[in-house]
Amino acid sequence: MEISGLITAIVIGAVVGALGRLVLPGRQNIGWLWTVGVGIAAALVGTAVANALGVADTRGVDWIEWALQIGLAAAGVTALERLRSRS
C-alpha cells in the first residue's frame with residue numbers, strides 16, 4: 001500500500017466515522033481515534049458489500065455505497081460505545 005492510499009483511507013475513514021456519529025442521537029463517549037478506526041473499517045466493509053451487491057460503481061455519486069458505509073459506522077460506534085461502557 002502506498003502512502004497516498006493510506007492517507008486517503010484515513011481521510012475517508014474520518015469522514016465516514018464522523019458521519020456515522022452524526023446520525024446517532026446524543027453524545028457518544030469515544031475518542032476521535034476510535035471514530036477514525038471505526039470509519040476506516042466501515043468504509044472497507046461497506047465497499048465490499050456494495051461490490052457484492054453490484055452497486056459500488058454507478059454513474060455519479062455512489063449513494064448506496066455511502067449509505068452502507070455510514071450505517072456500518074453508526075453500528076460500529078454504537079457497539080464500541082456499549083463495549084467501553086461495560087468496562
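Since we're looking at a predicted model, the values are computed, not measured.
- At least one donor-acceptor pair closer than 3.5 Å links the side chain of R21 to the backbone N or O of Q28.
- Crowding of I64 atom CD1: a count of heavy atoms from other residues, nucleotides or ligands under 6.0 Å not exceeding 12.
- For the pair L68 and G46, the tightest heavy-atom approach, listed with the atom from each and the gap, is CD1-O, 4.1 Å.
- Remark: I30 CD1 to R27 CZ distance equals 11.0 Å, nearest 0.5 Å.
- Here CD of Q69 is found 7.5 Å from CD1 of I12. Values are rounded to the nearest 0.5 Å.
- One finds the OG1 atom of T35 at 11.5 Å from the CG atom of L19 (value rounded to the nearest 0.5 Å).
- A74 and V23 make their closest contact through CB-CG2, 3.7 Å (heavy atoms, listed as atom of the first residue, atom of the second, distance).
- Connection of V61 to V16 is established within a shared hydrophobic cluster, with ILVMFWY side chains joined at heavy-atom distances below 4.5 Å, either directly or through further cluster members.
- The CG atom of N51 sits 6.5 Å away from the CG atom of D57 when rounded to the nearest 0.5 Å.
- What you find for A73 and G17 is that their closest heavy atoms are CB-CA, 4.3 Å.
- No side-chain heavy atom of V55 sits less than 4.5 Å from a side-chain heavy atom of D62.
- In this structure, N29 CG and L80 CG are separated by 11.0 Å, a value rounded to the nearest 0.5 Å.
- No single ILVMFWY cluster, assembled from side-chain heavy atoms under 4.5 Å apart, contains both V77 and L33.
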Stepwise side chain to side chain contact (heavy atoms under 4.5 Å, CB included) check, E65 with T47: CA-CA 6 Å; E65 183 177 3; T47 298; 2.9 Å; yes

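- Contact between I10 and I40 at its shortest, heavy atoms only, is CA-CD1, 4.0 Å.
- Note: the hydrophobic cluster containing V45 does not contain W63 (ILVMFWY, side chain heavy atoms under 4.5 Å, direct or indirect links).
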